[in-house]
Q: 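Once you've had a glance at the structure underneath, I'll fire off some questions.
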Amino acid sequence: MNPLRPIGAAFLRFLEATGRLSEFTAVAVSHCVRPPFYFRLLLRQMIEIGYYSLPVVGLTTLFTGMVLALQSYTGFSRFSAQGALPYVVVLSMTRELAPVLAGLMVAGRIGAAMAAEIGTMRVTEQIDALATLSTNPHKYLIAPRLIAGLTMLPLLVLVGDVIGVFGGYVISIYKLGFNPGIYLKSTWQHLEFMDVFSGVVKAAVFGFIVALMGCYNGYHSRGGAQGVGAATTNAVVSASIMILISNYIITELFFAK
Amino acid sequence: MSAPSNPVPKIRIRNLCKRFGSNVVLDGVDLDIATGESVVVIGGSGSGKSVLLKCILGLLEPDDGIIEVDGLSAIGLGAGEREAVNRKFGMLFQSAALFDSLKVWENVAFGLIQGGRMDRIQAREIAFAKLADVGLKAEVGELWPAELSGGMKKRVGLARAIATTPEIVFFDEPTTGLDPIMSDVINDLIAKCVRELGATALSITHDMASARKISDRIAMLYKGRIVWNGPTAEIDRSGNDYVDQFIHGRAEGPIRMEVRAP
Ligand SMILES: Nc1ncnc2c1ncn2[C@@H]1O[C@H](COP(=O)(O)OP(=O)(O)O)[C@@H](O)[C@H]1O
Ligand SMILES: [Mg+2]
């Protein structure tokens with residue numbers, strides 16, 4: 001047998017999957033901008049993503065801010081550069097850690113739930129039933145989730161920024177002996193609009209990715225409970241990988257000299 | 001073409017073919033369903049009956065052939081055209097396929113609210129009326145689908161299928177998995193609903209009692225083709241070995257169940 005065959009076949013499968021995902025994305029996005037809109041469903045998704053993810057995102061960013069202060073202090077004190085600590089904390093949080101961590105946490109929480117719900121609807125023929133009731137499944141199921149993911153993750157990340165900085169502040173003041181006024185002042189002083197803005201843009205992209213992968217994998221699941229389980233796993237894994245890759249690309253676009 | 005004595009059929013299917021990979025499911029199905037007629041397609045499990053319905057509804061894309069609804073092609077339509085065609089249809093799914101995130105009455109009202117853009121209060125009234133039509137008490141309307149028995153789910157599915165007063169109703173194995181008495185209740189409901197709507201009905205089943213009760217005409221699907229097609233009254237003297245074997249449920253005959261690898 002030709003040893004190149006499996007490689008070629010895998011490559012073709014990859015192209016096919018990419019094509020299907022692109023088509024799905026294009027159709028779903030076109031339904032996001034064309035009426036009718038399902039505002040009740042959109043509101044429900046926004047609450048599900050934005051409000052109910054607050055505890056997870058809050059806890060993650062709080063402890064990350066705290067650890068960041070501790071670790072940076074150890075490192076910087078070797079160069080007597082402790083003064084840069086507030087700046088490092090706020091910069092790392094806004095640019096990188098809040099968006100990436102919130103994205104990954106939401107991928108686990110929301111992406112999995114979306115894939116499981118839509119996948120169950122697929123294998124129990126509820127999606128077919130939607131179509132026979134003259135309701136477009138893309139518009140009814142997918143569009144509200146994409147819009148909610150795109151808009152809610154940036155808000156979550158802004159909250160996460162504040163909580164993360166607060167975590168660093170608490171450790172710096174109560175454990176490392178920083179002066180509160182000076183700490184806050186140097187946090188503000190060096191922070192630029194671009195630092196926060198790039199994090200928010202990342203969050204929007206990540207939120208879209210999470211919702212898209214949840215919906216796509218759920219929508220194409222087949223074969224009963226096992227298929228829904230596989231779809232859920234795929235949704236979380238593929239969203240996480242895409243978040244990390246796109247994180248690099250967006251950083252490159254914003255900050256590469 | 002269409003002489004006055006032979007008007008355009010409500011649904012016209014010619015040479016319909018559908019395969020999944022190497023599994024040829026439909027292999028040239030020809031079927032006409034006249035307006036107001038009730039046709040039942042019988043056939044063994046896995047013979048492609050559900051696939052036939054899904055092709056007509058545009059849920060599956062056929063590989064070849066013609067499907068016309070009211071004389072207009074119903075294959076390869078855009079999303080908007082498809083929605084318009086599907087407005088003519090109501091469908092009871094084999095598994096009922098109720099939306100489990102919505103209450104029972106919201107399920108029944110779904111086509112009115114989302115598809116028909118009716119306001120919720122009015123749609124709710126119609127939904128409760130339809131639930132009463134299928135013999136369910138008003139309390140059931142406030143339950144969730146997960147709280148219903150199999151027979152109740154079928155009835156809710158039936159109420160949902162007819163709530164928008166469709167011109168054509170499809171029933172996918174309406175009585176499978178129900179006890180004989182509940183089957184008969186559902187059969188009566190189907191016959192009554194179809195009569196009251198004046199709708200064209202296409203049902204699929206492998207339950208002969210059900211087929212005799214709700215049909216004007218029976219067609220038998222075997223190996224991807226319609227092997228016999230005639231009035232219900234003539235099914236016992238069809239002279240077709242496949243039909244005879246099927247309606248008498250014999251293991252011996254031209255239909256070979258694939259229980260062994262060939
Ligand atoms: N979505 C699908 N993908 C692949 N195969 C399918 C699909 N739907 C149905 N089939 C195959 O088509 C055949 C007929 O299925 P179906 O129409 O559900 O049978 P039935 O007559 O019992 O309703 C089966 O062999 C089934 O495996
Ligand atoms: Mg079936």
Side-chain angles (χ1 to χ4, degrees), chain A residues 9 13 16 20 23-24 26-45 47-48 113-145 215 218-220 222-225 228, chain B residues 20 50-51 53-60 77-102 106-118 120 123 145-146 153 156-157 159-164 166 168-173:
Chain A
R13 267 202 307 279
E16 194 192 319
R20 273 208 314 182
E23 192 194 342
F24 182 87
V27 172
V29 169
S30 80
H31 281 287
C32 291
V33 295
R34 272 185 298 160
F37 302 108
Y38 295 110
F39 290 109
R40 290 167 68 99
L41 296 173
L42 178 60
L43 190 67
R44 192 193 294 172
Q45 291 301 325
I47 292 171
E48 186 59 44
M114 284 180 180
E117 186 178 352
I118 296 179
T120 305
M121 292 186 74
R122 162 62 74 199
V123 300
T124 56
E125 297 183 312
Q126 291 178 50
I127 292 185
D128 289 344
L130 275 180
T132 65
L133 293 163
S134 296
T135 303
N136 190 308
H138 284 98
K139 197 180 278 307
Y140 185 81
L141 291 175
I142 317 276
R145 286 171 168 80
C215 293
Y219 197 81
H220 290 99
R222 54 186 75 251
V228 175
Chain B
F20 296 100
S50 298
V51 169
L53 289 195
K54 287 182 181 172
C55 285
I56 303 174
L57 288 167
L59 301 171
L60 291 172
L77 301 180
E81 293 168 303
R82 188 75 246 176
E83 269 174 46
V85 172
N86 278 1
R87 252 175 249 286
K88 296 179 182 175
F89 288 94
M91 164 100 176
L92 170 59
F93 283 84
Q94 192 166 349
S95 57
L98 302 179
F99 304 123
D100 43 28
S101 59
L102 299 177
E106 290 175 308
N107 266 281
V108 178
F110 193 92
L112 300 168
I113 297 173
Q114 309 297 353
R117 319 256 97 212
M118 186 185 283
R120 283 176 73 82
K153 280 187 188 157
V156 175
R160 184 175 71 179
I162 61 172
T164 53
I168 308 164
V169 206
F170 287 176
F171 301 100
D172 190 346
E173 307 210 3

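Below, chain A is the first sequence line, B the second, and so on; all start at residue 1.
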Q: So does A:Arg44 have more than 12 non-hydrogen atoms from other groups sitting under 6.0 Å from CZ?
A: no
Q: Identify the residue among B:Arg160, B:Glu83, B:Met91 that makes a side-chain contact (heavy atoms from CB on, under 4.5 Å) with A:Leu133.
A: B:Arg160
Q: Determine whether a donor-acceptor pair (N or O, by modelled atom type, separation under 3.5 Å) exists between the side chain of A:Asn136 and the backbone of B:Ala79.
A: no
Q: Select, from B:Thr164, B:Val85, B:Asn86, the one with the greatest count of heavy-atom pairs under 4.5 Å involving chain A.
A: B:Asn86
Q: Counting only non-hydrogen atoms closer than 4.5 Å, does B:Leu92 touch chain A with its backbone (N, CA, C, O), its side chain (CB onward), both, or neither?
A: neither
Q: What's the shortest heavy-atom distance between A:Tyr38 and B:Gln114, and which atoms?
A: CE2-OE1, 2.8 Å
Q: How long is the span from the OG1 atom in A:Thr124 to the CG atom in B:Asp100, to the nearest 0.5 Å?
A: 6.0 Å
Q: Let me know if A:Ile127 has heavy atoms under 4.5 Å from chain B in its side chain, its backbone, both or neither.
A: neither
Q: Show, in sequence, the C-alpha distance, side-chain angles and deciding distance for A:Tyr140 and B:Phe99, and conclude whether the ring pair (Phe, Tyr, Trp, His ring centres under 6.0 Å) test is met.
A: CA-CA 13 Å; A:Tyr140 185 81; B:Phe99 304 123; 7.1 Å; no
Q: Between B:Lys54 and A:Glu125, does any side-chain N to carboxylate O distance fall below 4.0 Å?
A: yes
Q: How long is the span from the OG1 atom in A:Thr132 to the CD1 atom in B:Ile56, to the nearest 0.5 Å?
A: 13.5 Å
Q: Shortest non-hydrogen contact from B:Ala97 to A:Ala129?
A: O-CB, 3.9 Å
Q: Rounded to the nearest 0.5 Å, how far apart are OG1 of A:Thr135 and CZ of B:Phe110?
A: 4.0 Å
